[in-house]
Amino acid sequence: MPVATVRHLLATLAYRASKVLRDPPEDFGSFSAGAACRRPVQIVAHMADLMAWAQTLARGEYTWAAGGSDDWQAEVRRFFDGLHALDGQLAAEMPPPGAIERLIQGPLADALSHVGQLAMLRGLRG
């Protein structure tokens, strides 16, 4: 699969995430749909972690580090900064063999699923 296609997938992720994350209700980040559900800020923090992991995969490495905070603005910024950094990385150099497939099957598919979760939680929040 060409790198251009993966970069298009990143642009799609950025577009869809921006629609869900733009102008949320003031308390959306801390909204709880129940004890078994992650709060939106936790989901966005995880998505930012996924982008950091994706950058390591694009270099042919595998380094996962969970991070994040309860600061909604910081986590949204961290997610979009990670997306931008990954796109720049893919534009600058060709990933090693197998990295594209790992990016799609791992962090990018996961992040797209989480955008859907956020959309659902935003609907529940009203």
Side-chain angles (χ1 to χ4, degrees):
M1 175 172 296
V3 171
T5 303
V6 177
R7 292 186 67 210
H8 183 76
L9 179 58
L10 287 176
T12 301
L13 174 58
Y15 171 74
R16 292 188 175 272
S18 69
K19 287 182 65 104
V20 171
L21 298 174
R22 184 181 309 118
D23 300 323
E26 189 173 317
D27 63 343
F28 180 63
S30 61
F31 172 71
S32 176
C37 296
R38 284 191 277 186
R39 292 175 292 123
V41 70
Q42 293 171 311
I43 295 170
V44 176
H46 176 64
M47 290 168 59
D49 293 342
L50 290 170
M51 294 307 102
W53 177 40
Q55 290 172 56
T56 72
L57 292 176
R59 291 190 301 268
E61 302 166 9
Y62 186 107
T63 304
W64 171 261
S69 68
D70 282 334
D71 183 329
W72 174 257
Q73 294 299 326
E75 294 309 321
V76 169
R77 187 173 39 256
R78 194 167 71 92
F79 167 67
F80 283 110
D81 287 351
L83 253 176
H84 180 74
L86 177 59
D87 183 60
Q89 185 177 344
L90 292 173
E93 61 184 74
M94 182 64 139
I100 296 283
E101 291 80 4
R102 284 189 289 280
L103 284 170
I104 293 169
Q105 293 170 357
L108 300 182
D110 195 11
L112 282 168
S113 295
H114 291 308
V115 169
Q117 284 180 311
L118 289 166
M120 183 181 69
L121 289 171
R122 195 146 173 192
L124 286 172
R125 168 56 184 81

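For the numbers below, each heavy atom of this structure counts, side chains included, while hydrogens, waters and symmetry mates do not.
Contacts classified as ring pair (Phe, Tyr, Trp, His ring centres under 6.0 Å) and involving residues 96-126 (residues at least two apart or in different chains) are given here: H46-H114. Judged as a ring pair (Phe, Tyr, Trp, His ring centres under 6.0 Å), the pairs with a partner in residues 10-32 (not counting sequence neighbours) are, in order, F28-W72. Every pair passing side chain to side chain donor-acceptor pair (under 3.5 Å) that includes a residue from residues 29-39 is listed here, sequence neighbours excluded: R39-D70. Within the structure, salt bridge (Lys or Arg N to Asp or Glu O under 4.0 Å) pairs that include any residue of residues 12-22 do not occur (at least two apart or interchain). Judged as a ring pair (Phe, Tyr, Trp, His ring centres under 6.0 Å), not a single pair has a partner in residues 73-97 (not counting sequence neighbours).
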- Task: I would like to know whether Y62 and L57 meet side chain to side chain contact (heavy atoms under 4.5 Å, CB included); could you show each step before the answer?
- Result: CA-CA 5 Å; Y62 186 107; L57 292 176; 3.8 Å; yes
- Mind running side chain to side chain contact (heavy atoms under 4.5 Å, CB included) on D49 and R78 for me, showing each step along the way? CA-CA 9 Å; D49 293 342; R78 194 167 71 92; 3.0 Å; yes
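Taking both residues in full, the closest heavy atoms of P96 and A58 are given as CD-O, 3.2 Å, listed atom of the first, atom of the second, then distance. Here the closest heavy-atom approach between residue L86 and residue A54 is recorded as CD2-CB, 3.6 Å. Considering all non-hydrogen atoms of both residues, A74 and D71 come closest at N-OD1, 3.0 Å. Annotation for A109 and Q105: closest pair CB-O, 4.1 Å, computed over non-hydrogen atoms. The two residues P107 and M51 have their closest heavy-atom pair at O-CE, 4.2 Å. Of all heavy-atom pairs spanning W53 and G106, the tightest one is CZ3-C, 4.1 Å.
The side chain to side chain donor-acceptor pair (under 3.5 Å) test applied to D23 returns no partner, not counting sequence neighbours. With sequence neighbours excluded, the residues forming a salt bridge (Lys or Arg N to Asp or Glu O under 4.0 Å) with R125 are D27, listed by chain and number. With sequence neighbours left out, the side chain to side chain contact (heavy atoms under 4.5 Å, CB included) criterion links A52 to no other residue. By the side chain to side chain contact (heavy atoms under 4.5 Å, CB included) test, V20 is found to be paired with V115, L118, A119, residues two or more places apart in sequence or in another chain being considered. Partners of E61 under the salt bridge (Lys or Arg N to Asp or Glu O under 4.0 Å) rule, at least two apart in sequence or in another chain, are R59. R7 is linked by a side chain to side chain contact (heavy atoms under 4.5 Å, CB included) to V3, D87, L90, A91, counting only residues two or more places apart in sequence or in another chain. Under the side chain to side chain contact (heavy atoms under 4.5 Å, CB included) criterion, A35 pairs with no residue, sequence neighbours left out.
In this structure, T5 and I100 have side chains that are not in contact, with every pair of non-hydrogen atoms separated by 4.5 Å or more.
Distance check, rounded to the nearest 0.5 Å: CG of L50 to CG of L103 gives 11.0 Å. The line from CG of L112 to CG of L13 is 5.0 Å long, rounded to the nearest 0.5 Å. Expressed to the nearest 0.5 Å, how far CG of L9 lies from CD1 of I104 amounts to 6.0 Å. Rounding to the nearest 0.5 angstrom, the gap separating the CG atom in L21 from the CE atom in M47 is 6.0 Å.
The backbone N or O of V44 lies less than 3.5 Å from no partner atom in the side chain of E75, so there is not a single donor-acceptor pair.
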